[in-house]
Amino acid sequence: MDTLAQYGSSSDSEPETPTSYGAIASFKNKFRSLNATPAVVERDEIKPYDYVAADAKILPYNATADQMYAPQLGPENPFKTQQAKAPKNMFCGFVENTGVSDFQFDAQRKTFHTEGYAEDPTAYSSTVGTKYVGRVEAAEEAEGRTVFEDNKHKVKKRKKEHFGDPSDPEGYKGPWAGYVDEVKSSGPTEEERATLDEWAARKEPKANAKPDENEKTILHIEDTHDYQGRSFLVAPKDHEVNLYSPDPPAKCFLPKKLLHTWDAHNKGVAKIITFPKTGHLMLSCGMDSKIKLWELYGKRRCIRTYAGHAKAVRDIVFNNDGTKFLSASYDRMIKLWDTETGACLSRFTTKKIPYCVQFHPDDDKQHMFVSGMSDKKIVGWDINSGEITQEYDRHLGAVNTITFIERNISFVSTSDDKSLRVWDWDIPVDRKHIADPSMHAIPSCSLSATGKWLACQSMDNKITIFATQKLRLNRKKEFKGHMVAGYACQCNFSPDSSYLISGDADGRCFIWDWKTTKVYKRFKAHDGVCIGCVWLPHETSKVITCGWDGKIKLWD
């Protein structure tokens, strides 16, 4: 303050006035008792009490009992439970070191694994009543010996039967003699045998099962025969196209417009197929558990409805002459139908879902068919006897398709295990297995009209081609551009094998050129998924498509 006063009075530029000096004097009197130094407690006034960290293991001084058991200071976490507040040196709790040598620990561990007992490691084991854990009786009998000690309770050797007299060739057993307590034959008891028989009877595949009350057929036309007595199964001859011609059209063309639409099923359509050879009729199956037969020429009417399945129908197939067809449904039943009368002739089931069915193409084996099941098996059936003739069990996933190749001597199967297998008929061992890490599941296959190529719809949005002669992948033929991942969309060839056609998940229909593998045409066919497409066998440009919108459309 004195310095401040002197500073105020030593001004040369301004004259000293009584007013400025009086202000400085009053300021000096007001803050005379001000001390800017903070208050510091002297060391002697501090209580001689040292704090120790809670996790400290070494004390630099001899602490008293009060200091050792004093409460812990510092902020406390209010969200910790009582268990979380407990002292820990491991994640699961607090572990104390025990004075056990490595040899003792190893001896007890090996004894426990070998003999089934060990000394009780807990403290004060005498209060529990026993000194051992595990097989206490064996431990007491052996007096607690370890595996490193000489155990007198070794297992007694089994007694063998008498070797017999070497001079007797028939009665002499020699070193091949059995043990005295050996059981010569073992088998289930009577109760176990009854249980096994009951289980086997339940699992046994059944054919010609009891008729279902819901099996019925509806005829939608007035007359099943014309004025000449011909059934609707006979192809008409009054059309421009010769339906009886064995040769396919010389040249096929791309469809351009919609000709007809059928409101086929109440739910989505699963598959469509044409009548064998002539192709004048069409069979469709849907998710409404019904199968329907349609006219493709003339009035294009619905001829007959076949109802008998309890759930959606997955696959259908005609025999060679079209008089009968098989249907596979999610109700685990395979049914044989008469096409003309609508009667259900036979029923087959293995208690598993059939994913695909296929007649044997030979005329002398039309009483046999195979079915791909959800339990990774391919089952061969005989229609006449109603029994299983063969089981092909090598796949690792549900079987999706079955296609006969090489003059019907063998067939190809595809599965969810992302592989193809080639089987010889009636031989349950595959002779060729095609599997590659780059392959995907194949839900649909189609054979070309010449029988040389097999088109496989792959789940990676492309169609791969295999040569049927040795079943080799043709890497130059890959048809892309459509979206089919997650859907079993059918693919098919044109009658002259110059085009490849397929459905799409977006309801589009794609047509590729066989030689160049380029997309020649794509058009919107259905509102939902376009699940199936078929090129009429005697037409140059007529294509049928079906979708999950429940409609079937004819394009030309």
Side-chain angles (χ1 to χ4, degrees), residues 248 252-256 258 268-274 279 282 284-285 314-316 355-356 400-403 412 414 420 439-450 452-466 468 473-537 539-549 551-556:
C252 290
F253 305 95
L254 302 177
K256 296 181 179 179
L258 178 65
V269 183
K271 189 176 182 180
I272 51 174
I273 56 175
T274 57
M282 174 183 62
S284 67
C285 63
R314 179 180 173 89
D315 196 15
I316 47 177
Y355 279 5
C356 58
N400 292 326
T401 65
I402 298 173
T403 309
V412 181
T414 64
L420 284 85
M439 290 179 61
H440 288 68
I442 299 174
S444 175
C445 287
S446 179
L447 194 66
S448 65
T450 58
K452 293 182 179 180
W453 305 102
L454 181 67
C456 300
Q457 186 81 265
S458 182
M459 280 293 188
D460 56 346
N461 301 324
K462 65 181 180 182
I463 299 176
T464 55
I465 304 298
F466 288 86
T468 58
L473 177 64
N474 190 344
R475 299 189 182 275
K476 295 182 180 179
K477 298 284 186 182
E478 274 193 0
F479 300 87
K480 301 178 181 179
H482 60 321
M483 179 69 67
V484 292
Y487 299 93
C489 296
Q490 293 175 255
C491 58
N492 219 316
F493 286 90
S494 62
D496 62 347
S497 299
S498 61
Y499 297 107
L500 187 65
I501 187 171
S502 172
D504 180 72
D506 297 329
R508 297 173 295 178
C509 183
F510 282 74
I511 302 176
W512 292 270
D513 179 53
W514 171 255
K515 291 183 178 179
T516 62
T517 69
K518 293 182 179 180
V519 178
Y520 266 18
K521 190 177 182 64
R522 66 167 68 89
F523 56 91
K524 183 72 173 178
H526 295 272
D527 293 336
V529 180
C530 182
I531 199 68
C533 54
V534 177
W535 206 302
L536 293 188
E539 296 286 349
T540 58
S541 60
K542 287 187 178 179
V543 175
I544 313 169
T545 61
C546 64
W548 283 6
D549 55 358
K551 295 180 180 180
I552 301 175
K553 296 182 179 182
L554 176 63
W555 306 83
D556 189 7

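Scope of the values below: all heavy atoms of this structure, side chains included, with no hydrogens, waters or symmetry mates.
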Handout entry: Val484 backbone acceptor or donor facing Asn461 side chain under 3.5 Å
Key =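 Yes.
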Practice task
Decide yes or no for Leu254 and Tyr499: does some side-chain heavy atom of the first lie under 4.5 Å from some side-chain heavy atom of the second?
Solution key: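 Touching, per the 4.5 Å side-chain cut-off.
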Practice task
Quick one: pull up OG1 in Thr401 and OH in Tyr355 and give me the separation to the nearest 0.5 Å.
Solution key: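 The distance works out to 13.5 Å.
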Problem - Rounded distance (nearest 0.5 Å) linking atom CG of Asp527 with atom NZ of Lys551 - result: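 Answer for the CG-NZ pair, Asp527 versus Lys551, is 6.5 Å.
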Problem - Side-chain heavy-atom pair Thr517, Glu478 within 4.5 angstrom cut-off - result: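 No. Closest side-chain heavy atoms not under 4.5 Å.
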Exercise for the section: Check whether any side-chain heavy atom of Trp535 sits under 4.5 Å from a side-chain heavy atom of Asp496, and report yes or no. Expected result: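 They are not in side-chain contact.
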Exercise for the section: Please name the pair of heavy atoms, one in Ile552 and one in Ser284, separated by the smallest distance, quoted to 0.1 Å. Expected result: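 In this case the closest contact between Ile552 and Ser284 is CD1-CB, 3.7 Å.
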Problem - Close side-chain approach of Val534 and Ile273, heavy atoms under 4.5 Å - result: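 Side-chain contact under 4.5 Å: no.
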Problem - Check: Asn492 side chain, Ile501 main-chain N or O, donor-acceptor pair, under 3.5 Å - result: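 Here the side-chain-to-backbone pair does not exist.
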Problem - Neighbour count above 12 (heavy atom, 6.0 Å) for Lys452 NZ - result: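 No.
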Practice task
Quick one: closest heavy-atom pair of Asp549 and Gly528, and the distance?
Solution key: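 Taking Asp549 first and Gly528 second, the nearest heavy atoms are CB-N, 4.3 Å.
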Handout entry: Test item: Ile442 and Asn400 side chains (from C-beta on) under 4.5 Å apart, heavy atoms
Key =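 No - every pair of side-chain heavy atoms lies 4.5 Å or more apart.
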Problem - Donor-acceptor contact below 3.5 Å, side chain Lys524 vs main chain Asp506 - result: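 Flag set: sc Lys524 to bb Asp506 pair under 3.5 Å.
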Practice task
Can you label the angle between the Trp555 ring and the Phe523 ring as parallel, tilted or perpendicular, going by 30° and 60°?
Solution key: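 If you compare the ring of Trp555 with that of Phe523, the planes turn out tilted.
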Exercise for the section: Find out whether Ser458 and Met439 are in side-chain contact, i.e. whether some heavy atom of one side chain is under 4.5 Å from a heavy atom of the other. Expected result: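 Not touching, per the 4.5 Å side-chain cut-off.
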Problem - Inter-residue atom distance His482.NE2 - Arg508.CZ, 0.5 Å rounding - result: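 Taking NE2 in His482 and CZ in Arg508, the distance rounds to 10.0 Å.
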Problem - Residue pair Cys445 / Val412, side-chain heavy-atom distance below 4.5 Å - result: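 Of all side-chain heavy-atom pairs linking Val412 with Cys445, none is under 4.5 Å.
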Practice task
Look only at the side chain of Lys553 and the backbone of Ala525, and say whether a donor-acceptor pair between them is shorter than 3.5 Å.
Solution key: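 At least one qualifying donor-acceptor pair exists.
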Practice task
Heavy atoms only: give me the nearest Gln490-Lys271 pair and the separation to one decimal.
Solution key: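 Here Gln490 and Lys271 meet closest at OE1-CG, 3.5 Å.
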Exercise for the section: Could you pull out the closest heavy-atom pair between Ala270 and Ile531, with the gap in Å? Expected result: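 Scanning both residues, the minimum pair turns out to be O-CG2, 3.8 Å.
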Handout entry: Minimum heavy-atom distance between Ser494 and Cys252, given as atom pair plus value
Key =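 Here Ser494 and Cys252 meet closest at CB-SG, 4.3 Å.
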Handout entry: Euclidean distance, Lys518 NZ relative to Lys480 NZ, rounded to 0.5 Å
Key =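 Rounded to the nearest 0.5 Å, the NZ-NZ separation comes to 15.0 Å.
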Handout entry: Interatomic distance, Leu500 atom CG to Cys491 atom SG [nearest 0.5 angstrom]
Key =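 Going from CG on Leu500 over to SG on Cys491, the span is 6.0 Å.
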Problem - Heavy-atom side-chain contact between Trp453 and Trp514 under 4.5 Å - result: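 In contact.
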Exercise for the section: Working to the nearest 0.5 Å, report the span between OG1 of Thr464 and CZ of Arg475. Expected result: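 Taking OG1 in Thr464 and CZ in Arg475, the distance rounds to 10.5 Å.
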Practice task
Measure from the side-chain N and O atoms of Gln457 to the backbone N and O of Cys489, and report whether any donor-acceptor pair falls under 3.5 Å.
Solution key: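 Answer holds: yes.
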Problem - Closest heavy-atom pair and its distance - Cys356, Asp315 - result: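 Heavy atoms of Cys356 and Asp315 come nearest at CA-OD2, 3.3 Å.
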